[in-house]
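A short worksheet on the structure shown next.
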Amino acid sequence: MKNLIAANWKMNKTNEEAVALVKELTPLVKDAEADVVVCPSFTVLKDVADELKGSNIKLGAQNMHYEDSGAFTGDVSPLMLKSVGCGYVILGHSDRREIFKEDDALIDKKVISALKHALKPILCVGENFDQKEKGIANDIIETQLKNCLKGLDNQQMKDVSIAYEPIWAISRGNPNVKPATKEDAEQRHQFVRSVLNNLFDENTSKNTRILYGGSMKAENAKELLAMPDINGGLVGNASLKAKGFAEIVKAGE
Ligand code: PEP
């Protein structure tokens, strides 16, 4: 299966900086075997889209509302994302869950709405440190998958990717945070696949891309991406520099 490497820039990069970053990135990944997606902030999507024209890099957003329009001050709709050229959208990121209190039911609505508008969701799931220590990581992941993929069928799942992001491994800009070991990540990815097998059919379980997210960088991407059930990465901090991100893209080849 083709890897998917997605850049989550979070709340970083002004318009000028964002355009400069993709300008530098485009030639570095032009021959990439993986699918490459960048997910900038809403305000810079249009200019980044213009800069990406004719390249192999796809555009994604970091969040969206589930309604097409309406009185939702400060929010952005799937129609708006489509109209500036987005093909992907990150949903259920732990920042959204923890800081903005998004729950599984809301995220499920967003996933369904994204698919309705032909936006490919990258659905994030993963346990925090306490949950890992208590030994309930798999329960958390299973519940999130069940609740956030409610109402979807096998056909719709063809456009969904899952990002397994252990929250304790997310750098939040700190380069000293350690990622999950490749063995631990692989085990969790196998578990995600087994849950998909229960919720959907074997084909869906086999063919859904499961990305790893949490301090992935040039130095560790190769060993993580070599694991059989790791089909790409959702990259935060290390996606903010073109060279490092391009090395991650190439690491899976
Ligand atoms: C993230 O927040 O999605 C993420 C994976 O961040 P980082 O790569 O910086 O750990």
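The residues of the chain are indexed from 1 along the displayed sequence.
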Return the minimal non-hydrogen interatomic distance between [X] and [Y], and the atom names on each side.
X: Ser55; Y: Thr26; answer: CB-CG2, 3.4 Å
X: Lys101; Y: Glu98; answer: NZ-O, 2.8 Å
X: Asp75; Y: Met64; answer: OD1-C, 4.3 Å
X: Asn174; Y: Asn176; answer: OD1-N, 2.8 Å
X: Leu59; Y: Leu45; answer: CD2-O, 3.7 Å

> Taking the hydrophobic residues Ile, Leu, Val, Met, Phe, Trp and Tyr, and joining any pair whose side-chain heavy atoms are under 4.5 Å apart, which ones share a cluster with Phe100?
Replying inline: Ile99

Do the side chain of [X] and the main chain of [Y] share a donor and acceptor less than 3.5 angstrom apart?
X: Gln62; Y: Lys10; result: yes
X: Arg193; Y: Ser205; result: yes
X: Tyr212; Y: Glu186; result: no
X: Asn12; Y: Ser41; result: no
X: Lys46; Y: Ser83; result: no
X: Gln156; Y: Asp153; result: yes
X: Ser239; Y: Gly236; result: yes

Let me check something: do [X] and [Y] share a hydrophobic cluster, defined by ILVMFWY side-chain heavy atoms less than 4.5 Å apart, either directly or through other members?
X: Leu21; Y: Val36; result: yes
X: Ile170; Y: Leu225; result: no
X: Ile90; Y: Val44; result: no
X: Leu4; Y: Val29; result: no
X: Ile112; Y: Ile122; result: no

May I ask you to check whether over 12 heavy atoms, not counting those of [X], lie within 6.0 Å of atom [atom1]?
X: Glu202; atom1: CD; answer: no
X: Lys241; atom1: NZ; answer: no
X: Glu183; atom1: CD; answer: yes

>> Just to verify, which of Arg188, Gln187, Gln190 counts as forming a side chain to side chain contact (heavy atoms under 4.5 Å, CB included) with Asp229?
In response: Gln190

> Looking at residues at least two apart in the chain, or sitting in another chain, which of them share a side-chain hydrogen bond (donor to acceptor under 3.5 Å, both in side chains) with Trp168?
Replying inline: Glu127

>> Any non-hydrogen side-chain atom of Val38 less than 4.5 Å from a side-chain atom of Val48?
In response: yes

> Would a 4.5 Å heavy-atom cut-off, applied to side chains only, mark Ser161 and Leu123 as touching?
Replying inline: no

>> Within the 3.5 Å criterion, strictly below it, is a donor on Asn231 or His189 matched to an acceptor on the partner's side chain?
In response: no

>> For Asn197 and Ser194, which I'm curious about, is there any donor-acceptor pair between the side chains at under 3.5 Å?
In response: no

> Should the pair Lys110 and Tyr66 be classed as cation-pi, given the thresholds of under 6.0 Å to the six-membered ring centre and 45° from the axis?
Replying inline: no

>> Could you go through His93 and Glu165, starting from their C-alpha distance and side-chain angles, then the distance that decides it, and tell me whether this counts as side-chain hydrogen bond (donor to acceptor under 3.5 Å, both in side chains)?
In response: CA-CA 8 Å; His93 190 277; Glu165 298 211 303; 3.3 Å; yes

> Going through the distances and angles, do Thr204 and Asn154 end up as a side-chain hydrogen bond (donor to acceptor under 3.5 Å, both in side chains)?
Replying inline: CA-CA 6 Å; Thr204 295; Asn154 287 297; 2.6 Å; yes

